[in-house]
Each structure stands twice: as structure tokens, then as C-alpha cells.
Amino acid sequence: MSTQERKTETIPEWKREEVDDITDFLSRYESVGVVSITGIPSRQLQDMRRDLHGTAELRVSRNTLLERSLEEADDGLAELTGYVSGQVGLIGTNENPFGLYQQLEASKTSAPINAGEVAPNDIIVPEGDTGVDPGPFVGELQSVGANARIDEGSIKVMEDSKVLDAGEEVSGDLSNVLSELGIEPKEVGLDLRGVYAEGVLFEPEDLELDVEEYRSDVETAAAFGRNLAINASFPTAQTMPAQLSKATGEAKSLALQAAIEDPDVMPDLISKADGQVRALAANIDDPEALPEELQDVDAPEPDDEQTDDQPDEIEDTDADADEEVDDDDDDDDEGDGGDALGAMFG
């Protein structure tokens with residue numbers, strides 16, 4: 001039956017009112033999805049409605065009326081009709097589809113599986129003490145494929161035992177065994193089949209993501225971007241503090257190497273010159289050749305890992321401290337130190 005034929009078909013007044021109510025429901029939300037409610041007991045469904053209150057709303061009706069409402073909404077929602085089959089409902093929210101999917105997945109709870117149901121995944125009876133006294137139950141475990149035996153006055157499963165593959169039907173015996181062990185192998189919750197938001201149709205695989213991994217990727221990308229902006233001297237509110245700090249350091253380093261007598265640089269210039277004079281004085285064998293002021297001056301103490309070759313170590317230290325300056329500048333600084341010593345000799 002075509003959409004046009006269905007729209008012109010005469011329907012009972014109560015159905016018309018129901019369609020109008022559902023259409024009004026659809027108009028109130030920015031994101032609308034179809035969820036499966038198969039296998040959810042009525043009481044649990046009511047609990048889920050209550051848990052969604054404030055962030056999303058669930059609307060359940062006959063599938064034919066849901067389809068008609070989606071078609072009449074005329075907002076692209078007709079694309080969702082392909083997901084209306086079996087026991088379903090419509091869910092509306094003003095949150096983004098990713099948040100809705102995460103909320104629905106987080107609200108799922110484990111539940112026992114009944115005979116005749118299809119296993120959603122492999123069913124494993126874990127290794128360990130069952131806590132059941134010796135008796136017929138050990139035979140029941142063995143009959144469903146569990147490696148069980150009586151040990152030290154209790155029934156124990158000797159190793160993890162897969163008793164059913166995903167997609168296979170659960171037998172009555174297995175359902176009873178799982179119930180006795182308290183194993184709940186299935187999840188009960190609203191399964192999102194599809195959601196339409198801002199002109200885009202999303203399916204579950206589009207919405208499933210690792211939030212922590214995604215956050216880490218964003219943080220890494222932001223760090224790379226910040227590093228690029230700093231090295232490219234691209235000013236932003238986030239990079240300016242680091243750029244100003246870097247520029248200040250580079251300016252100070254340049255002033256120190258060029259011996260610019262700036263108030264902010266003078267303490268470092270004096271300290272550097274003092275170190276150079278001490279190093280030169282320490283390498284003069286005849287103390288009498290030194291002016292009186294330098295005769296009792298100790299050489300700068302070397303680091304633990306320094307060798308006895310003191311002048312080379314001082315030069316290396318200067319190079320490390322000012323790694324962005326050419327070696328020629330270091331040589332000029334040593335010359336300046338020699339001139340200062342000569343001036344002291346008069």
C-alpha cells in the first residue's frame with residue numbers, strides 16, 4: 001500500500017487522534033529514534049520510562065500508527081519507518097544522538113534467559129565452587145556441557161565451560177541450570193535501531209564510540225595544534241602566554257650573548273663574566289702573576305660528571321645554556337673575558 005493511499009484511507013477517529021498525538025510528540029524533539037522493546041517486562045519498561053524522564057520520552061503504540069505518524073511528520077522522519085517492526089517504540093530527545101545512545105546502553109541491566117530464547121552471545125559457566133551441596137545438580141551441570149564434579153563436599157566447576165554458542169536456542173535444562181547458578185547472560189534494555197537528527201539518519205554502529213579514546217584523541221590533537229601555533233608564532237588566546245614566555249627567554253639569551261647592558265640582563269652578565277674570570281685565573285700556574293684581587297679566588301666548582309679539563313667544561317656549559325647561539329658567539333664571549341682580565345692587570 002503506497003503512502004498516498006494510506007494518507008487518504010478513512011480510519012477510525014480514535015486512531016486519528018492517536019496519530020495526531022504521536023505527530024505532536026515528534027514535533028517536540030530535535031532527535032527521534034526507534035527502539036526495540038522486545039522481551040522487556042511491563043514493569044521494567046515503566047521503570048525505564050521513569051529513568052528517562054527529563055532527558056528523553058518513550059512513546060509506544062501500534063506499529064501501523066507509528067508508521068503513519070512518521071510519514072505525516074514530513075520532516076524526513078519517514079526514513080525511520082524501515083526500523084518499525086516487531087515490538088518497538090519511538091523515543092524523542094533534545095540531546096544529541098550520541099548522548100542518547102550512551103544513555104540507553106548505560107541503562108541496560110543483566111537478566112535471566114528463558115527456555116526458547118536465542119543466546120545473544122556465548123554462554124559460559126565460570127570455573128569455581130557453585131556453593132551447591134553434592135546431589136543431582138552435578139549431573140545437570142554435566143548434561144549441559146559443564147566440567148563439574150563433587151570436590152571437598154561441594155559441587156565445583158573445574159574450568160570455564162562454554163555451554164551454548166551465540167545464536168543457539170536455550171533449552172529448558174540449561175535455563176534451569178543458569179537460574180540455579182544466578183547467571184544472567186542477556187541484557188535487558190531499549191535497543192536503539194535508528195535515530196534521525198538534523199537531517200541525518202544514524203544507526204547504532206554510527207553512534208558507538210569509546211568516549212575516553214575520543215577524548216584522548218581530541219586532547220592529543222589540541223596539544224599538536226597548540227605546539228604548531230607556538231612554533232609558527234601564530235597568536236591565539238591559548239598560545240600567547242607560552243609565546244610571550246618563549247620570546248622573553250630568547251630576548252634575554254640574545255642580550256646576554258651580545259652583552260647588552262640592560263637592567264634585566266646585568267645580573268646574568270656579571271655572573272657570566274665572574275665565572276669566566278674565575279676559570280681563567282684557575283688555569284694560571286703562577287699565583288704571583290695574578291692581581292691581588294684574584295689570588296684567593298676559587299675556580300667555579302665543576303659538576304660531578306665533569307672531567308679535569310676545566311676550560312672545556314666551562315665552554316660546554318655555556319653552549320648548553322645558550323644552545324640557540326652559534327659557536328662563534330661563545331668564542332667572542334671568551335675573548336671578552338680575556339680583555340676583562342687584561343684590564344685588571346692594567
> Between Ile124 and Leu181, is there a shared hydrophobic cluster once you connect ILVMFWY residues whose side-chain heavy atoms come closer than 4.5 Å?
Replying inline: no
> Is Glu208 atom CD crowded by more than 12 heavy atoms from other residues, nucleotides or ligands, each under 6.0 Å away?
Replying inline: no
> If you measure from OG on Ser36 to CG on Leu190, what distance do you get to the nearest 0.5 Å?
Replying inline: 8.5 Å
>> What's the separation between atom CD in Glu180 and atom CG in Leu141, rounded to the nearest 0.5 Å?
In response: 9.0 Å
> Given side chains that start at C-beta, do those of Asp20 and Asp24 come closer than 4.5 Å, heavy atoms only?
Replying inline: no
> Where do Leu80 and Val32 come nearest, in terms of heavy atoms and distance?
Replying inline: CD1-O, 3.5 Å
> Is the side chain of Thr130 donor-acceptor paired with the backbone N or O of Ile155 at a distance under 3.5 Å, no angle test?
Replying inline: yes
> Is a side-chain donor or acceptor of Gln243 paired with a backbone partner of Phe234 at a separation under 3.5 angstrom?
Replying inline: yes
> If you look at every heavy atom in Ile22 and Leu65, which pair is closest and at what distance?
Replying inline: CD1-O, 4.2 Å
>> Please give the remaining members of the hydrophobic cluster of Ile260, linking ILVMFWY side chains under 4.5 Å, ordered by chain and number.
In response: none
> Is it true that a side-chain atom of Thr93 and a backbone atom of Thr55 form a donor plus acceptor pair closer than 3.5 Å?
Replying inline: yes
> Thinking salt bridges, do Glu18 and Arg62 make one under a 4.0 Å N-O criterion?
Replying inline: no
>> Show the nearest heavy-atom pair for residues Gly86 and Asn63, with the distance to one decimal.
In response: O-ND2, 2.9 Å
> Step by step, would you call Arg49 with Gln46 a side chain to side chain contact (heavy atoms under 4.5 Å, CB included)?
Replying inline: CA-CA 5 Å; Arg49 285 178 185 271; Gln46 295 303 318; 3.6 Å; yes
> Do Asp51 and Ser107 have side-chain atoms, one donor and one acceptor, less than 3.5 Å apart?
Replying inline: no
> Are Leu100 and Val60 joined in one hydrophobic group, where the rule is that I, L, V, M, F, W and Y side chains link up if heavy atoms are under 4.5 Å apart?
Replying inline: yes
> Stepwise, does the side chain to side chain contact (heavy atoms under 4.5 Å, CB included) test hold for Val88 with Ile37?
Replying inline: CA-CA 5 Å; Val88 297; Ile37 58 175; 5.7 Å; no
> Where do Ile91 and Leu104 land on the side chain to side chain contact (heavy atoms under 4.5 Å, CB included) test, with the steps shown first?
Replying inline: CA-CA 11 Å; Ile91 191 165; Leu104 294 182; 4.0 Å; yes
>> Using a 3.5 Å distance criterion without hydrogens, assess whether the side chain of Thr239 forms a donor-acceptor pair with backbone atoms of Pro235.
In response: no
>> If I compare all heavy atoms of Gly33 with all of Leu192, which pair ends up nearest, and what's the gap?
In response: CA-CD1, 4.4 Å
> Closest approach of Leu209 and Gln102, non-hydrogen atoms and distance?
Replying inline: O-NE2, 3.4 Å
>> Once rounded to the nearest 0.5 Å, what's the spacing between atom OH of Tyr196 and atom CG of Leu26?
In response: 12.5 Å
> Hey, is the main chain of Glu168 close enough, under 3.5 Å, to the side chain of Asp165 for a donor-acceptor pair?
Replying inline: no
> For atom CD of Glu205, is the number of surrounding heavy atoms from other residues, nucleotides or ligands below 6.0 Å larger than 12?
Replying inline: yes
>> Are the side chains of Ile40 and Gln87 in contact, using a 4.5 Å heavy-atom criterion?
In response: no
Using a 3.5 Å cut-off and no angle test, enumerate the donor-acceptor pairs between side-chain atoms of residues 216-230 and protein atoms at least two apart in sequence or in another chain.
residue : atom : partner : partner atom : Å
Thr220  : OG1  : Ser216  : O            : 2.9
Asn227  : OD1  : Asn231  : ND2          : 3.2

>> I need the full list of ring pair (Phe, Tyr, Trp, His ring centres under 6.0 Å) pairs touching residues 22-53, with sequence neighbours left out, sorted by first then second residue.
In response: Phe25-Tyr29
>> Taking the basic N atoms (NZ, or NE/NH1/NH2) and the acidic carboxylate oxygens, is any pair closer than 4.0 Å for Arg16 and Glu72?
In response: yes
> With sequence neighbours left out, what residues match Lys252 under salt bridge (charged side-chain N to carboxylate O under 4.0 Å, His left out)?
Replying inline: Asp268
> Side-chain heavy atoms under 4.5 angstrom apart, residues restricted to Ile, Leu, Val, Met, Phe, Trp, Tyr: same cluster for Val200 and Leu207?
Replying inline: yes
> Would a distance-only check, ignoring hydrogens and angles, find a side-chain to backbone donor-acceptor pair under 3.5 Å from Asp122 to Ala166?
Replying inline: yes
> With a 4.5 Å heavy-atom cut-off, do Asp206 and Phe98 have their side chains touching?
Replying inline: no
> Can you check whether Thr109 reaches Gln44 side chain to side chain, under 4.5 Å on heavy atoms?
Replying inline: yes
> How far apart are the closest heavy atoms of Ala197 and Phe202, and which atoms are they?
Replying inline: O-CE1, 4.0 Å
> Does a side-chain heavy-atom distance below 4.5 Å link Leu201 with Tyr83?
Replying inline: yes
> Distance from Ser61 atom OG to Arg68 atom CZ, nearest 0.5 Å?
Replying inline: 11.5 Å
> Given side chains that start at C-beta, do those of Val144 and Ser161 come closer than 4.5 Å, heavy atoms only?
Replying inline: no
> With a 4.5 Å heavy-atom cut-off, do Ser31 and Pro97 have their side chains touching?
Replying inline: yes
>> Please determine whether a side-chain nitrogen of the Lys or Arg among Glu212 and Arg215 lies less than 4.0 Å from a carboxylate oxygen of the Asp or Glu.
In response: yes
>> Using 0.5 Å steps for rounding, measure from the CD atom of Glu187 to the OG atom of Ser110.
In response: 7.5 Å
All N/O donor-acceptor pairs, side-chain side in residues 169-176, below 3.5 Å, sequence neighbours left out:
residue : atom : partner : partner atom : Å
Ser171  : OG   : Leu174  : N            : 3.2
Ser175  : OG   : Ile113  : O            : 3.0
Asn176  : ND2  : Gly172  : O            : 3.2

> Between CG of Leu90 and CZ of Arg59, what distance do you get to the nearest 0.5 Å?
Replying inline: 9.0 Å
> So Lys108 and Asp191, side chain to side chain contact (heavy atoms under 4.5 Å, CB included) or not? Walk me through it.
Replying inline: CA-CA 9 Å; Lys108 291 183 177 179; Asp191 285 319; 2.3 Å; yes
Identify all side-chain donor-acceptor contacts of residues 145-152 below 3.5 Å with residues at least two apart in sequence or on another chain.
residue : atom : partner : partner atom : Å
Asn147  : ND2  : Glu159  : OE2          : 3.4
Asp151  : OD2  : Lys156  : NZ           : 3.4
Glu152  : OE1  : Lys156  : NZ           : 3.4

